Structure formats: C-alpha cells, structure tokens
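Please read the structure below before turning to the comments.
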Amino acid sequence: MKVGIVGYGVYIPRYRIKTEEIARVWGADSKNISNALLIHEKTVPAIDEDTATISVECARNAVQHAKINPKDIGAIYVGSESHPYAVKPTSTIVAAAVDAVPELTAADYEFACKAGTAAIQTTMGLVKSKMIRYGLAIGADTSQGKPGDVLEYTASAGGSAYIIGTENLIAEIHDTYSYTTDTPDFWRREGQEFPSHGARFTGQPAYFRHVIKAAKGIMNKNKLKPDDFDYVVFHQPNGKFPLKAAQIIGFEKKQITEGLVTPYIGNTYSGSTLLGLAKILDDANEGEMILAVSYGSGAGSDAFIIEVTKENEKRRNPKPLQRYIDRKEYVDYATYAKFKGKIKGVKLEKP
Amino acid sequence: MSEGLAIHWRLIPQRYNLVGTECLKCGEKFFPPRQLCPNCRRVGEIREVKFSGEGEIYSYTVIHTPPEGFEFMKPYAMGVIKLIEGPFLTAQLVDCKPEDLEIGKRVELVFRKIIADGSSGIIRYGYKFKLKD
C-alpha cells in the first residue's frame, strides 16, 4: 500500500528583521555574520502570534490543499519546542480550529527541530496500518534566541502542515529512516526562557553526524545515490550547514538550492525541513525524487525518500511558500523585542 | 481559575470557526448565532452554518486608548466586517497599518491570540481579519 502526502500547507509571519539590524544593536559585524551563517533576514511573529496560531494557519492551508473533509482526520500531532502551554496540548487547539473534533487522537511532540518529521512518521504508520484515514502532522515554532547570542540571528517563526494518507497523493513517501543518539548539543531546561547550546559542538558531532548518517543510511537501504535525486532538503539551522552537508554527501548545489529557505526566513526550528520541502513541492513535477532529512538537537535525524506524482501538477498548492516569503514588512530591533516579549512586562495579557 | 472559562469554551466554535446559524425558511444568516429567527419566529427552521471568513470592511476605527491588557498592540484597528454571506461582525484588523485600511477593501479570516489571562491563566484564541492578498 502506498503512503504519502495528500496535501500540505505553510505559514510564516509577515514581519521580518534584517541580520544587519540585530548586529547593529549588539555591535557585531553584520557582513561577517551574514557570510558565516548565510542569513539575510528572519521572520518575526506579531505580538498575537504563537505556535498555536501558526499551526492553525498552516493546517487550514493543508486541509484546503488536500481537499478533504477535516472530519476524516484521525490523528493530529504538532511538533514544536515552543508550545504555548507547558501542559495543555496545541494539537487540540488545531483540531478544533480545522474542525476535526471530536473523533480523533491528538498529541504534542517535542524533539528540538525534528518534532514535525517525527509526527509525519507516526501518521505514516497509522494510515498504513489503516487505523486512521488521514493524519495531520505539523512542525511549527516561534523560536527564541538569547539576546546577543549567535542564535538570535537565525531563530525565527513559521510552520508547515502535512496531510498524510494513502490515496490522492501529491507525493509518495517510499521510505523513512532515522538515526538517533543521546547528544547534548542544544537544550532548554524546564522553566528556562532561552535555550543553551554547545557552540561548535552543535556542528560536527551533532548536526553533521546525524544528517549525514541518516541521508547515507536511507540511500544505502534503498540502493540509491545522490544523483538519483532531483532535490535534497536538510534541516536548516543557518544557510551554511545544509550546503556543507550536501557537499560532504556528494550532492550538487543545484539539488539543494530550491529548498534552501533559511537565508530569507531564518531557522523556523520544527518548521524548517518541512518548509524547505514545501518550497520544493510547490513547483515539483511528476517523477521527481526528493531526499528530505531533518535534524533535532538532542539528537536525531529523520530521512524520507519522496517521489512526486502527477497529482501534484494537477493540484498545485494555492498558497505557495514564495508568496509568504514575498509578503513582508521590516521591523526594527525595538519592535522585534516588543513582539517577541523580550521586554519585561510587555505581553498581550490581562494583569 | 480563569474567569469566564466555561463561556470561552462554549464560544470556541464561534471564535475559532465563525460558526453561526441560518434560517432555512427565509434564508437569513446570523452571527453570532441566533436560536430563533426574528423574521419567521416559531415557524423558522434554524441550523448551524460555518461562514467562509471572506468579507469586506464596512467601517473601521483606530484604537489609541486600548482597554487593559491590549496596551502594547496600539495603535490597532477594529473593523466592522460584512461577511460575504451577509452578517456583520466586529473584529480586529491585523498585519496592516491604519493607513492601509479603506472601507470596501476585501478581508479574510485569520486565527490569532486574543488575550491571555495573566501569566498562568488560559490563552484565548479567536478570529481576527487581515487584508486579502
């Protein structure tokens, strides 16, 4: 039985802040940072946006694209490291907002930046075993970087939702494979406002090891090599890491550029790989092969081999990512700090 | 406990999905939902209906002196939206500057945070509108 993507939806907030504006505040060399991280600007959520609102917007777009009855969704999993509540699921808010309630199962996932792809794997299992007809897997975040920390240049907001099923597929998922270890490269302890990271330790033993092992693992398992793929998309903590990983594995630059969105929207954490994949799917044609590999600190990578079907050409996504990327308004650091709740006492809440 | 917890919960279908009602006898649609058709009275036949979330700005105003809790959003616009199905409703207009607004401009539904009950209460989500792309 085939399993794959019936529809997908994306959402990124309208506001942007440029790398040079953040660098200006912290007295850093913006050209240096821009070149080192390959990042030009990032999305900024409005004061009334959070992971729940972003999840709902992309989930509604996915349901619209899939042209399904939301009551046929049997499971919703929302992957994020910035769920608005510590206890109280984001997934039930999404379930109500897409009108999938009440006959379904739902839960929130957390695995740093790969919780969204873990949600896809779970729903693949559920639809393939016929426990449910459709599953809705979402990766969304409003990520935080400590003011002045290198993460602040990239930590952004956005999300992507995928309807997983077995019929009317716009892309078939041929296989999935994961590579997981206990690697403490990036974390946030309970109650802490900002995450901490192991600086250079987040590279070689963390991101590169897992992404490369997962990519090579799934290709070996399926007897495929880099030139069997038209596109490759990796988790994008910055613009540089995925390019370097692609080069190490043996992909050409043209295979990775289509899905490389971080330089213009920042690192959307759980949304990152899935938004890159959506960007590819927006224009992909029948028979084209995609290798997608996520990465979540802590650490693990989920790899997917995806083949685009004729249905994707017949049923193009009505709200492609590029439209959201182009729709933007720049804010200065002070407005960004206000929107992100970085100023003490500034929140959209009753006292 | 957050005040009005049960009221918010009861209004979730309206606040998240613009669920209103319509009278099958005369065809009039209502938001917020009415349980009795004012035109047809006892012979009216009321049923639930979900509005599309498409509409236009019928009128709007810009808030410079917001109520408690909304201070950091100012200035923000509140619009009277005429839904394409007929009913009018009042909602905040987001992702725009006051000078972008004009009576008659097309708008669409978005899902946003309305307000949180302090730092430990519930977060209330609901409908707002933005200018149609």
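From a predicted model like this one, the values you see are computed outputs, not experimental measurements. Just so it is clear, the values below take in all heavy atoms, side chains as well, and ignore hydrogens, waters and symmetry mates. Within every chain, numbering begins at 1; the chains are lettered A, B, ... in the order of the sequence lines, protein sequences first and strands thereafter.
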Examine whether an atom of A:Tyr324 lies under 4.5 Å from a heavy atom of chain B, and if so say whether it belongs to the side chain, the backbone or both; otherwise answer neither.
neither

Determine, stepwise, if the pair B:Glu102 / B:Ile57 fulfils side chain to side chain contact (heavy atoms under 4.5 Å, CB included).
CA-CA 7 Å; B:Glu102 222 174 274; B:Ile57 301 175; over 6 Å; no

Which portion of B:Val19 sits near chain A, non-hydrogen atoms under 4.5 angstrom:
neither

For A:Tyr162 and A:Tyr8, take the angle between the two ring planes, folded into 0 to 90°, and tell me which bin it lands in: parallel under 30, tilted 30 to 60, perpendicular over 60.
parallel

Can you find a side-chain donor-acceptor pair between A:Thr268 and A:Asp141 that sits under 3.5 Å?
no

Can you check side chain to side chain contact (heavy atoms under 4.5 Å, CB included) on B:Ile115 and B:Glu68, steps first, answer last?
CA-CA 10 Å; B:Ile115 194 83; B:Glu68 204 174 36; over 6 Å; no

Which atoms of B:Ile12 are under 4.5 Å from chain A, going by heavy atoms: the side chain, the backbone, both sets, or neither?
side chain

Please classify the contact of A:Ile93 with chain B as side chain, backbone, both or neither, using a heavy-atom distance under 4.5 Å.
both

Measure distances from A:Ala46 to the heavy atoms of chain B and classify the residue's part below 4.5 Å as side chain, backbone, both or neither.
side chain

Tell me, for A:Tyr15 versus chain B, whether the close heavy atoms (under 4.5 Å) come from the side chain, the backbone, both or neither.
side chain

Bottom line for B:Phe111: the part with an atom under 4.5 Å from chain A's heavy atoms is both

What's the separation between atom CG in B:Leu24 and atom SG in B:Cys37, rounded to the nearest 0.5 Å?
10.0 Å

For chain B, find which of A:Asp48, A:Thr53, A:Ile47 contributes the most heavy-atom pairs closer than 4.5 angstrom.
A:Asp48

Report which part of A:Lys88 has an atom under 4.5 Å of a heavy atom belonging to chain B: side chain, backbone, both, or neither.
neither

Report the distance from atom OH of A:Tyr330 to atom CD1 of A:Ile17, rounding to the nearest 0.5 Å.
11.0 Å

Most heavy-atom pairs under 4.5 angstrom with chain B, which of A:Val346, A:Ile54, A:Val98, A:Asp99?
A:Val346

Do A:Gln322 and A:Tyr264 get their side chains close enough for a donor-acceptor pair, meaning under 3.5 Å?
no

So, for A:Phe339 and A:Tyr336, is the gap between ring centers shorter than 6.0 Å?
no

Name the region of A:Asp50, side chain, backbone, both or neither, that has any atom closer than 4.5 Å to a heavy atom of chain B.
side chain

